[in-house]
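To start, the structure under review is shown below, and the notes come after it.
Order of appearance sets the numbers: ligands from 1, and atoms from 1 within every ligand. What you see below is based on every heavy atom in this structure, not just the backbone, and it leaves out hydrogens, waters and symmetry mates. As the structure is a computational prediction, the values presented were derived from the model and not from experiment. In this chain, numbering begins with 1 at the start of the sequence shown.
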Amino acid sequence: MKALVTGGAGFIGSHLCDYLTSQGHQVTVLDDLSTGSKENLAQLAAAPNFEFVEGSILDTALVDKLVGSCDTVFHLAAAVGVHTIVDKPLESLRVNLHGTENVVEAAARHGARIMVASTSEVYGKNDADGLTEDADRILGSPLKSRWSYAAAKGLDELVAYVYGKETGIPTVIVRFFNIVGPRQTGRYGMVVPRFVSQALANEPITVYGDGTQRRCFGSVFDVVPAVVKLMDTPAAYNQAVNLGGMEEISIRGLAERVIELTGSSSTIEYIPYEKAYGEGYEDMRRRMPDTSLAKKLIGYEPTRRLDDIINSIIEAKQA
Ligand code: UDP
């Protein structure tokens with residue numbers, strides 16, 4: 001495979017590059033280093049089957065050139081993290097809308113296969129017991145920054161889907177559910193690396209709201225091979241597929257787990273949402289994936305338990 005990984009310097013992207021290069025594939029990364037970092041790819045710098053290009057997915061000519069020289073595109077470049085979306089709404093929207101259109105259009109032009117990364121955010125406030133891919137989306141006003149991200153990602157999916165249908169390029173949409181692992185930074189919001197850093201520093205753990213909101217965290221090491229398998233599975237083409245973990249936990253419960261596993265003396269500090277994200281912010285109460293479609297398509301079965309996931313981040317931060 002000659003793969004282009006947009007957003008390859010990011011958290012999931014860099015793990016995908018590790019995996020693809022280890023399987024002997026040729027990998028080119030396109031990344032603007034906005035939230036990703038070269039450090040995430042340092043281990044690949046000398047690999048003969050790896051190349052890094054610094055640039056934006058908004059650069060149509062560059063995207064066209066890079067897509068034209070590969071056969072498979074993994075499109076993960078995006079403005080990510082709740083803090084990024086809230087702090088830079090215009091830039092986030094431009095990247096998430098026009099950037100994706102650029103990449104998908106180029107894939108269609110050159111007949112490349114493409115995987116487009118999406119998110120469980122598209123389900124919005126639907127707190128069903130297990131969200132299947134055809135579950136309803138329950139979104140607040142698109143004028144609220146949180147929902148503007150879900151709106152943009154929903155359109156990204158539609159762009160991928162319609163291009164796939166009309167041009168026949170093999171297209172897979174993957175909806176990631178709270179994926180965590182080493183290299184994920186808490187700087188842009190993500191809760192697990194934030195809690196681990198706070199616990200290791202014996203600082204208060206910042207739980208937003210009352211901590212009863214629930215999430216299900218998945219391991220990057222479970223989802224990366226699954227993404228590559230899906231790309232090789234024609235039955236997955238033109239579908240959206242959930243990928244995530246299996247254990248649900250409240251955010252308060254997560255804080256307690258992190259304190260226990262780090263042996264920290266941190267206390268838990270409850271911070272009102274308005275203070276954390278600004279006025280008018282709405283959180284999702286619960287978000288639980290149903291991954292039976294991925295199981296049916298590729299035998300997907302998450303293997304890492306929450307404690308393993310938290311421990312892998314503790315180890316990485318202490319290294
Ligand atoms: N959260 C928190 N403290 C933090 C960061 C996040 O309590 O320092 C909460 C956040 O409000 C949400 C959950 O943790 O309820 C997961 O947040 P994250 O941004 O990781 O993912 P998402 O909101 O997209 O599920």
Side-chain angles (χ1 to χ4, degrees), residues 10-12 35 78-88 92 96 117-128 131 137-140 144-154 174-201 203-220 223 242-245 247-259 262 264 266-289 306 309-310 313 317:
F11 157 56
I12 298 180
T35 56
V80 292
V82 173
H83 285 291
T84 311
I85 309 302
V86 171
D87 294 344
K88 297 180 182 165
S92 302
N96 292 347
S118 186
T119 162
S120 53
E121 289 267 336
V122 297
Y123 296 106
K125 291 182 264 191
N126 189 335
D127 60 0
L131 292 160
R137 305 177 58 203
I138 305 177
L139 305 179
K144 289 189 177 168
S145 55
R146 167 108 213 196
W147 307 120
S148 74
Y149 179 59
K153 278 295 183 179
V174 174
R175 293 184 184 147
F176 292 116
F177 277 71
N178 292 90
I179 303 307
V180 285
R183 298 185 199 148
Q184 187 179 39
T185 156
R187 215 174 306 140
Y188 311 105
M190 284 73 168
V191 68
V192 182
R194 284 173 75 84
F195 283 7
V196 170
S197 297
Q198 290 165 342
L200 290 174
E203 288 167 1
I205 309 275
T206 55
V207 169
Y208 299 159
D210 64 4
T212 58
Q213 69 272 36
R214 304 177 74 79
R215 293 293 188 274
C216 176
F217 296 95
S219 166
V220 71
V223 300
N242 291 338
L243 288 181
E247 263 174 286
E248 196 184 11
I249 191 167
S250 70
I251 296 304
R252 185 201 169 131
L254 175 71
E256 289 164 352
R257 214 59 222 120
V258 168
I259 289 172
T262 50
S264 170
S266 291
T267 53
I268 296 178
E269 186 184 345
Y270 293 90
I271 299 180
Y273 284 116
E274 312 83 75
K275 222 169 146 195
Y277 298 121
E279 223 34 67
Y281 185 82
E282 279 183 278
D283 196 12
M284 284 111 177
R285 297 303 306 154
R286 181 179 190 220
R287 202 152 59 184
M288 187 67 199
L306 182 62
I309 297 175
I310 297 171
I313 297 173
K317 286 200 185 282

Is any side-chain heavy atom of Ile309 closer than 4.5 Å to one of Ser219? yes
Can you tell me how far CG of Asn178 sits from CD of Glu248, rounded to the nearest 0.5 angstrom? 11.0 Å
Taking atom types as modelled, is there a side-chain donor on Gln198 or Ser266 under 3.5 Å from an acceptor on the other? no
Does the side chain of Tyr273 pick up a donor-acceptor pair with the side chain of Asp283 at under 3.5 Å? yes
Amino acids contacting ligand 1, non-hydrogen cut-off under 4.0 Å: Val82, Glu121, Arg146, Asn178, Gly189, Met190, Val191, Arg194, Phe195, Thr206, Val207, Tyr208, Gln213, Arg215, Ile251, Tyr273, Tyr277, Asp283, Arg287
With a sphere of 6.0 Å drawn around NZ of Lys88, does it hold more than 12 non-hydrogen atoms of other residues, nucleotides or ligands? no
Would you call the rings of Phe177 and Tyr123 parallel, tilted or perpendicular, where under 30° means parallel and over 60° means perpendicular? tilted
